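Have a look at the structure below, then the notes.
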Amino acid sequence: MEPVPGACDVAIIGSGYTGLSAAHRLASGGLSVVVIDADDLGFGASTRNGGMVSGTLKLSHKELCAAYDRDTANALFQEAQDSVLFLEQSIAEKGIACDYERMGMYFAAYAPKHYDGLAREAEELAALGVETKMVPATEQHRELASGIYYGGRTTTMAGGLHPAKYHAGLVAACRAAGVSFRSRCRVRRTYRQGAGYTVDTDRGSVQAGQVVVATNAYTDPGMPWFRRRVIPIGSYIIATEQMDPAELRALIPAARMIQDTKRNLFYYRLSPDGTRMIFGGRTSFRPISTNESAARLHAAMSTVFPSLAKARVAHSWTGSVAFTFQKVPHVGQHEGIHFALGCCGQGVALMSYFGDRIGRRILGQGGDTAFARTRFTTIPGYQGHPWFLPVVGEFYRLLDWLERPKS
Ligand SMILES: Cc1cc2nc3c(=O)[nH]c(=O)nc-3n(C[C@H](O)[C@H](O)[C@H](O)COP(=O)(O)OP(=O)(O)OC[C@H]3O[C@@H](n4cnc5c(N)ncnc54)[C@H](O)[C@@H]3O)c2cc1C
């Protein structure tokens, strides 16, 4: 096993989209960079996600206005939109073949009041120049062949890609730019030394001028300040066996990315080659096996699309997303260490963009972001083990059930 280099300009902890985007920017700017991952490269969420690219945040614009002032809310929203443009430009510049397409997203209303909420938000979004279109239940068949929703809303600043191909393309671009990698090498401790930092790993110590923490939901006890501020939540996905593409396309005629509006939401899409349904959700707030999650997701998928009840599940997997207590990501510095954490399940475009911002900041090329103004606090006693999730999950399930009209 190769030891870590003795010294470098920047050590990056974590080899997902955040770490790789930062690494590429920094190496392209002439700095020596090592990316260190505790596991295989891309072991975290960056090779396990649904590949949905969206310029939205977990909180609505109205909720952001309530949590911050209107200018900050607008700036956060604008940057979320910009992150999609950043991603598209980055993919094009690096020549990454990852099946990216901007086909848009459809938010399916799970209850009539959710449809009204989507409509109200559409007006606020229009004022910000965000293009959306309300789709009443009578026209929903153009988006979704499912009888369980009450209409919805499309947004054009969204698309889909193959997450692992995108990750592999970033790794290749980083290598070409001169980035060094050390996989299966856990960082145990990072502390200031002189003008820089010492990063202790399983394979020796590296003296780094700057350090970037890009560990998101996989932040471990060796980084207690960060770990106390992120809530790792399991998300589960299945892919069906290969099926007739025409049959699948009839279920999602515009082939958009789909999310429903439940608190315990489902997200789904066609695979890039159109031969599989990819169906995901937070089916459990306790760790469960991928056999069990497959059965639960299959049942859910069959409720949305009864014609898929007989479809076999070919793949089932899981990964962790990171929430902050504020449900908004945060980009910042702690004791001089740069970080971007808490994607809240929407990190394909955003975390890529944040990594690049951090790189620019270190290079002295700007890199400002409104996400440095979001709060990033914890609660007393929380050490990174979210014991409260099963309770919160059940509460959300109850609220979802209460909001749904009973037949
Ligand atoms: C099932 C699932 C579905 C998702 N679907 C979507 C989607 O459709 N659209 C979307 O926008 N987002 C989605 N997300 C979220 C998105 O994947 C993440 O926001 C994004 O990949 C986070 O990237 P990252 O680089 O910050 O972290 P990660 O990719 O999670 O990487 C963190 C890395 O840090 C490493 N690490 C941790 N501790 C140490 C240490 N001490 N030393 C060295 N290395 C360490 C880990 O091994 C890991 O590889 C999904 C996530 C999951 C899990």
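These numbers were taken from a predicted model, which means no experiment stands behind them. In each ligand, atom 1 is the first atom listed, and ligand 1 is the first ligand listed.
If you check which protein heavy atom lies closest to atom 41 (N) of ligand 1, you get D220 OD2, 2.8 Å. The protein heavy-atom contact nearest to atom 27 (O) of ligand 1 is N216 CB, 3.5 Å.
Looking at A340 next to ligand 1, no N or O pair under 3.5 Å apart turns up. Checking only distances, Y17 does come within under 3.5 Å of ligand 1, N or O to N or O. Taking any N or O of A38, backbone or side chain, at least one lies under 3.5 Å from an N or O belonging to ligand 1.
The closest non-hydrogen atom to atom 32 (C) of ligand 1, taken over G19, G16, A214, S320, comes from A214. Considering V187, L350, T215 only, the shortest heavy-atom separation from atom 36 (N) of ligand 1 involves T215. Considering each of G347, G55, S21, the one bringing a non-hydrogen atom nearest atom 15 (C) of ligand 1 is G347. The heavy atom nearest to atom 13 (C) of ligand 1, out of those in G345, P232, G222, P163, is found in G345. The nearest non-hydrogen atom to atom 35 (C) of ligand 1, considering only L170, D37, D39, comes from D37.
For the pair A217 and ligand 1, no heavy-atom separation below 4.0 Å is found. Ligand 1 is never approached by R188 to a heavy-atom distance shorter than 4.0 Å. Using a non-hydrogen distance threshold of 4.0 Å, Y267 registers as a contact of ligand 1. For G280, the closest heavy-atom approach to ligand 1 does not fall below 4.0 Å.
A donor-acceptor pair shorter than 3.5 Å cannot be found between the side chains of N49 and Y166. No side-chain donor-acceptor contact under 3.5 Å links Y353 and T369.
Between the CG atom in D356 and the CG atom in L20 there is a gap of 12.5 Å [rounded to 0.5 Å].
The side-chain heavy atoms of R48 and I237, taken from C-beta on, include no pair separated by under 4.5 Å.
Electrostatic pairing of K62 and E121 does not count as a salt bridge here, judged by no charged N lying under 4.0 Å from a carboxylate O. A salt bridge is absent between E63 and K327: the closest approach of a Lys/Arg side-chain nitrogen to an acidic carboxylate oxygen does not fall below 4.0 angstrom.
The salt bridge (charged side-chain N to carboxylate O under 4.0 Å, His left out) test with R184 is passed by exactly one of D37, D202, D39, D40: D40. Screening R361, R373, R360 against D368 for a salt bridge (charged side-chain N to carboxylate O under 4.0 Å, His left out) leaves a single residue, R361.
Within the listing of ligand 1, atoms 53 (C) sit less than 4.0 angstrom from a heavy atom of G319. Close approach of ligand 1 to V348 (heavy-atom distance below 4.0 Å) involves ligand atoms 9 (N), 10 (C), 11 (O), 12 (N). Listed by number with element, the atoms of ligand 1 under 4.0 Å from a non-hydrogen atom of S235 are 1 (C), 2 (C). Interface atoms of ligand 1 facing R48, defined by a heavy-atom separation under 4.0 Å, are 1 (C), 2 (C). Ligand 1 places these atoms under 4.0 Å from at least one heavy atom of G14: 33 (C), 34 (O), 35 (C).
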- request: Run the numbers on K94 and H24 for side-chain contact (heavy atoms from CB on, under 4.5 Å), then give the verdict.
  value: CA-CA 10 Å; K94 296 179 180 75; H24 188 270; 3.4 Å; yes
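In this structure, V187 and V199 approach most closely via the heavy-atom pair CG1-CG1, 3.6 Å.
Both the backbone and the side chain of S46 come within contact range of ligand 1, each with a heavy atom under 4.0 Å.
No donor-acceptor distance shorter than 3.5 angstrom exists from the side chain of T283 to the backbone of R296, with no hydrogens or angles considered.
With sequence neighbours left out, the side-chain hydrogen bond (donor to acceptor under 3.5 Å, both in side chains) criterion links E403 to H114, R263.
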